[in-house]
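Remarks on the structure that follows.
We number each residue from 1, following the sequence as shown. Both counts, for ligands and for their atoms, begin at 1 and track the order of listing.
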Amino acid sequence: MTEKIRQAIKEAVGRFEDEEEDPRILVLGATGVGKSSLVNAIFGERLQKVNTIQSTTRDFSTHEYKIDGTKILITDSPGYGEVGYDEQYSRQVVTEAETAHAVTLVLKADEKGYERDRRIIGSTSKDPDFSLEKPLLIALNQIDKMKPSREWNPPYEWEAPPRDDDSEKVRNIKEKVALVKDQFKTVIGRRETIVIPTMSDEEEGRIFGVDKFKLKLLQILPETSRYRFARSAKLAEKASKEVLEQLDKEADKIITAAATAAGTAVFTNPVPVSDFLILVPIQIGMVIKLGAIYGETIDKKSAIEIVTTLGAGVATRVIFQTVVSWLPVIKNALGPPVASAATYGIGKAAKKYFKGQGVPTEEELKAEVEGEFNRRRDKRGA
Ligand SMILES: Nc1nc2c(ncn2[C@@H]2O[C@H](COP(=O)(O)OP(=O)(O)OP(=O)(O)O)[C@@H](O)[C@H]2O)c(=O)[nH]1
Ligand SMILES: [Mg+2]
């Protein structure tokens, strides 16, 4: 690898890091519903509290945590306090939500009504300063307490439509999820409500739904803090097969978006093959994001290492020359389909690597790259 490439990779990693923000999550919910337990279940024992920052509002406080070098900011809601104080409380929620990247609400599954929560969410939603873009992510926690409460036999498949042979527990969970969605839909206005049943008591082996809650959190976080969250929450760890499949889909979205961006980058001017370095920032960004999805932290040193490990699969002059020689195009210029296909190939190689499945063979890689090249070319021709 030449010094020029090494330098380009370092710069690209640096730029990506500069654009990232520490994830800031607002956790609402009454006293004792399990907010702290849920936060612990999300990040695991590695979460270390380093500081408490006084929030801008009177009652809320923001806790600063560190996990493997990443800072996570959690703003905790105090119990709802005296009755009659809800309007003021809601104003504080609005203020806290302004800086939050995601707003979550924890409810206890074995309660009814949620009058207080609904009143507060209702008036925050009506507030013109409240951002309409953020969906409300609800953890319907302590799902183990739903009837029959003595039964605990997960996994409970609560997402499928109701079936005649659902167990009593599954039926109750399905009904409750639908009910809560309804109860909050009426107060929340245009925003989306996502309800995920969870069990967040740290008692070994009893956690449920937290993997899905993490996935949803990833999806609602803005691009700028999503990957720091992903790395520290280790989404793939202890995830169900279903959540792992969803993560693969997230990875594919990242690869496709980068492949498109690479095509766009060379669209107006096909660039000389020797100038493929213009694609390094896009490809490095893609590799960092893919790493995050599968729980890997990538700094400047490891980016170079990964790029070297992936060998044939990565943004070196060699792969570009190889790719270009495979493809039936003008050999001295890098057109959009070539840029896209090469980026796609790198993405597929990186995904495989991060999933712990090694690196693809040259044949596998060639098939991916050619397939993508043909898809892109056909689309452009169409
Ligand atoms: N059965 C059951 N108990 C839970 C669950 N999640 C939390 N708990 C228990 O509920 C109690 C309260 O949990 P916390 O996480 O402290 O609740 P909190 O919302 O942070 O409470 P405050 O900080 O006081 O507002 C603890 O005893 C937890 O062990 C759950 O999913 N199921
Ligand atoms: Mg707490």
**OP:** Please list, in chain and residue-number order, the protein N/O/S atoms closer than 2.8 Å to the Mg ion (ligand 2).
**Re:** S36 OG

Original post:
Without hydrogens or angle criteria, can the side chains of R376 and T260 be said to hold a donor-acceptor pair below 3.5 Å?
Top reply: yes

Original post:
Rounded to the nearest 0.5 Å, how far does NZ of K4 lie from CD of Q7?
Top reply: 12.0 Å

**OP:** At a heavy-atom distance under 4.0 Å, which protein residues reach ligand 1? Sort them by chain and number, would you?
**Re:** A30, T31, G32, V33, G34, K35, S36, S37, N141, Q142, D144, K145, M199, S200, D201

Original post:
NZ of K355: more than 12 outside heavy atoms within 6.0 angstrom?
Top reply: yes

**OP:** Compute the centroid of each ring, for F43 and then for Y65, and state whether the two points are separated by less than 6.0 Å.
**Re:** no

Subject >> Residue that, paired with I288, satisfies side-chain contact (heavy atoms from CB on, under 4.5 Å) out of E296, E17, R231, Q283 >> reply: R231

**OP:** For this output row, return yes or no: ring centroids of Y353 and Y294 closer than 6.0 angstrom.
**Re:** no

Original post:
Under the 3.5 angstrom rule, does the side chain of S340 hit a backbone N or O of A259 as a donor-acceptor pair?
Top reply: yes

Subject >> CD/E45: more than 12 non-hydrogen atoms of other groups inside 6.0 Å >> reply: no

Original post:
Angle class for the Y89/F60 ring planes (parallel below 30°, perpendicular above 60°, tilted otherwise)?
Top reply: tilted

